[in-house]
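Keep in mind that what you see is a predicted model, and the values were worked out from it rather than measured. Counting starts at 1 for both ligands and their atoms, following the listed order.
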Amino acid sequence: MPNSLWDVSRKYVLRTYGCQMNEHDSERIAGLLEMDGLEQTESFEEADVIVLNTCCIRENADNKLYGQLGNLKKLKEQRPDLQIAVGGCLAQKDRDIIQDKAPHVDVVFGTHNVGRATDLLAEARVRGPLIEIIEESESFPSALPVKRDVSHAAWVTIQIGCDNSCAFCIVPAVRGREISRPYKQLVDEVEALAAAGITEVTLLGQNVNSYGRDLTLKLRGAELGQDAEYLAGETWVGGSHTARPLFSDLLRSVAEIPGIRRVRYTSPHPKDLRPETITAMSEITEVCEHLHLPLQSGSDEVLAAMHRGYTVDRYLKKVHAARNQIDDLALSTDIIVGFPGERDVDFEQTLEVAAEVRFDNAYTFVYSPRPGTEAAELVDKFVSPAVTSTRMERLRKVIERSRRLGNHSRIGRHEEVVVEGHSKRDPDMLTGRTRHNRLIHFPVKRPIRPGSYALVQVTAARTFNLAGELLEVTAAPKHRTRIPVVAS
Ligand code: SAH
Ligand code: SF4
Ligand code: F3S
């Protein structure tokens, strides 16, 4: 019976296809939609607005989007009032191709105008389908309202874009040049998050260790005073005498904020991983002892062709330095298989490095040519799918082995976990996340709220997760059950 406000509320579906930055943008898009009074649903049939926040890092990400848009065509024919919007990196790359291939799409927006998502939907209702892609902007997603799915942890973008030119990668083309957020703005944002009960933050950037590189120019123009302190932080102004504010200073400032118990970051580029960052990780209790250091390949030739800017030897030296200094460090990585020109001998070297480092986790990808990137031109050097799939299988085994060994090494230990919620398979089991970013399942007799901290003894290990027994709950969550939409 249509007798309440609920019956008239408009609903939206939001699908996210990409990395944490893409997910972070989605939180902002959801925040804007909810500020407009829309309510989230998982059902396409119920939705008045569907937003697809896309990724184009590999070709299958492209295919997924066009497949999804094909499925939505019928729905749009049945309900012409339904609005479909496509945002994110694929939109930035493909622009008008999206509406050429899928004319039923109402709005296409890019990575630099996430904040315009709801305005564009409103405009399209009046003017018809539209595309708005801008090339560059200094607006960071964090300046927008937010709707988080998880109430105890938050992402904080410290830098957008990427100034590197890895031969395989499309990110610089779709995310633009590297721009760091002012230091003080970041500290203020984390203070506000902590005040709202957030206890864990993940600092995000494509290349977090080069944080501040672009601020150097601005610092030269700034009088030593308020501007400099806003851009570069107290540590720098107080005389750290470095050319720019350092990522390691930022780690310290963020970790010092009362209420913040865990700090994570992703990703550092191996060529820019500085000794100061390793030292900061070893000294600051709040910074989780987990380093995600993308290797990409274990062959110097391939690394050079990729323009990664480091050799295997330099990578290994950084790994050893980190392991020597940071107590109980977990290491994860990204590896690409079948980069153009990768020979058997190159791949064997990747296996050797992977076996030597014994990564706790690794994301492995088959090379995918991306239009406009340097490597996509090397057609005559492409590795055949048969060869890449055999290589992938071999690498998967090596990674699985080290992952299993890593998990086994935790048996008997007492791990601090943050409770994430009930296990999907068994409601009497809780799932928690360790400082190493491992998932651990443990039985409970009474409910424990997500966001609580607990001590769990590890009793068993599988390839992908751990099992344990609850020892004690060490801290209750501080946030309200769900953080409302706020403009931060
Ligand atoms: N900025 C991050 C990586 C972002 S992309 C960094 O430099 O570490 C995440 C991962 O996707 C990369 O580390 C790489 O392993 C993989 N990747 C990027 N482009 C790819 C491509 N064209 N084909 C296959 N994998 C790719
Ligand atoms: Fe891509 Fe390389 Fe930049 Fe990472 S550092 S986003 S892999 S260009
Ligand atoms: Fe992320 Fe994919 Fe874009 S990995 S930066 S959403 S291309």
* Structural part of H269 in contact with ligand 2, heavy atom criterion under 4.0 angstrom -> side chain
* Structure fact -> Rounded to the nearest 0.5 angstrom, the CH2-CG distance for W236 and L250 is 15.0 Å
* Should you measure from each heavy atom of D334, which atoms of ligand 1 turn up under 4.0 Å away? -> 9 (C), 10 (C), 12 (C), 13 (O), 15 (O)
* In the protein, which heavy atom is nearest to atom 2 (Fe) of ligand 3, and how far is it? -> C55 SG, 2.4 Å
* Specify the protein heavy atom at minimum distance from atom 1 (Fe) of ligand 3: its residue, its atom name, and the distance to 0.1 Å. => C19 SG, 2.3 Å
* To do: List the closest protein heavy-atom neighbour of atom 3 (Fe) of ligand 3: residue, atom name, distance to the nearest 0.1 Å.
  => C89 SG, 2.2 Å
* Asked: Non-hydrogen atoms of R175 versus ligand 3: any pair closer than 4.0 Å?
  -> yes
* **Of E420, E415, E200, the residue whose pairing with R433 passes salt bridge (Lys or Arg N to Asp or Glu O under 4.0 Å)** => E420
* Under a heavy-atom criterion of less than 4.0 Å, does N207 contact ligand 1? -> no
* Assess the side chains of T199 and H152: does a donor N or O sit below 3.5 Å from an acceptor N or O? => no
* Between P172 and ligand 2, find which residue part has any heavy-atom pair under 4.0 Å and reply side chain, backbone, both or neither. => side chain
* Nearest non-hydrogen protein atom, atom 6 (C) of ligand 1 -> Q206 O, 3.9 Å
* Asked: N465 versus R462: any side-chain heavy-atom pair under 4.5 Å?
  -> yes
* To do: Number the atoms of ligand 1 from 1 as they appear, then name those within less than 4.0 Å of a heavy atom of Q296, with their elements.
  => 12 (C), 13 (O), 14 (C), 15 (O)
* Give a yes/no on ligand 2: does R308 have at least one heavy atom closer than 4.0 angstrom to it? => yes
* Asked: Are the charged groups of E348 and R391 less than 4.0 angstrom apart, N to O?
  -> no
* To do: Working to the nearest 0.5 Å, report the span between SG of C166 and CZ of R308.
  => 4.5 Å
* Can you tell me the protein heavy atom closest to atom 16 (C) of ligand 1 and the distance? -> R58 NH1, 3.4 Å
* **Atom indices of ligand 1, in the order listed, that fall short of 4.0 Å to a heavy atom of V366** => 23 (N), 24 (C)
* Drop me the distance from T266's OG1 to Q20's CD, to the nearest 0.5 angstrom. => 5.5 Å
* To do: May I ask whether C56 places a heavy atom under 4.0 Å from ligand 3?
  => yes
* **ligand 3 atoms in contact with Q206 (distance to a heavy atom under 4.0 Å)** => 5 (S)
* Asked: With a cut-off of 2.8 Å, does any N, O or S atom of C162 fall short of it relative to atom 2 (Fe) of ligand 2?
  -> no
* Asked: If you count the atoms of ligand 2 from 1 in the order shown, which ones are under 4.0 Å from a heavy atom of F168?
  -> 7 (S)
* Can you tell me the protein heavy atom closest to atom 4 (Fe) of ligand 2 and the distance? -> Q206 O, 4.2 Å
* Please walk me through it: do R15 and E42 pass salt bridge (Lys or Arg N to Asp or Glu O under 4.0 Å)? -> CA-CA 9 Å; R15 290 273 191 272; E42 287 307 311; 3.2 Å; yes
* Interfacing atoms of ligand 2 (cut-off 4.0 Å, heavy-atom, V171) -> 6 (S)
* Yes or no on salt bridge (Lys or Arg N to Asp or Glu O under 4.0 Å) for R343 and E301, after CA distance, side-chain angles and deciding distance? -> CA-CA 10 Å; R343 302 157 301 170; E301 265 103 313; 3.3 Å; yes
* So how far is it from I50 CD1 to S43 OG, rounded to the nearest 0.5 Å? -> 8.5 Å
* To do: If you have a sec, work out which protein heavy atom is nearest atom 1 (Fe) of ligand 2 and how many Å separate them, to one decimal?
  => C169 SG, 2.3 Å
* Asked: Are the charged groups of R177 and E135 less than 4.0 angstrom apart, N to O?
  -> no
* To do: Please determine if E393 and R396 form a salt bridge, counting it only when a charged side-chain N lies under 4.0 Å from a carboxylate O.
  => yes
* Could you tell me whether K64 sits above the aromatic face of Y17, with NZ or CZ closer than 6.0 angstrom to the six-membered ring centre and within 45 degrees of the axis? => no
* Asked: How far is atom 2 (Fe) of ligand 2 from its nearest protein heavy atom, and which residue and atom is that?
  -> C166 SG, 2.3 Å
* Asked: Could R58 and F365 be counted as a cation-pi pair, given that NZ or CZ must be under 6.0 Å from the ring centre and within 45° of the axis?
  -> yes
* Any atoms of ligand 1 less than 4.0 Å from a non-hydrogen atom of R308? List them with their elements. => 7 (O)
* To do: Describe, in one word, how the ring planes of H292 and Y363 are oriented to each other, choosing from parallel (under 30°), tilted (30 to 60°) and perpendicular (over 60°).
  => perpendicular
* Structure fact -> Distance col, row I29:CD1 vs R116:CZ, nearest 0.5 angstrom, shows 13.5 Å
* Asked: Where does I57 meet ligand 1, judged by heavy-atom distances below 4.0 Å: at the side chain, the backbone, both, or neither?
  -> both
* Separation of N207 CG from S180 OG (nearest 0.5 Å) -> 9.5 Å
* Structure fact -> Short version for F168: what comes under 4.0 Å of ligand 1, heavy atoms counted, is both
* Asked: Identify the closest protein heavy atom to atom 22 (N) of ligand 1: which residue and atom is it, and at what distance?
  -> S368 O, 2.8 Å
* To do: Just jot down the ligand 3 atoms closer than 4.0 angstrom to any heavy atom of N22, in number order.
  => 6 (S)
* Atom indices of ligand 1, in the order listed, that fall short of 4.0 Å to a heavy atom of R370 -> 22 (N)
* To do: Could you see which bit of P294 sits under 4.0 Å from ligand 1, with heavy atoms only: side chain, backbone, both or neither?
  => side chain
* Asked: Which residue supplies the protein heavy atom nearest to atom 5 (S) of ligand 2, what is that atom called, and how far is it?
  -> N164 ND2, 3.4 Å
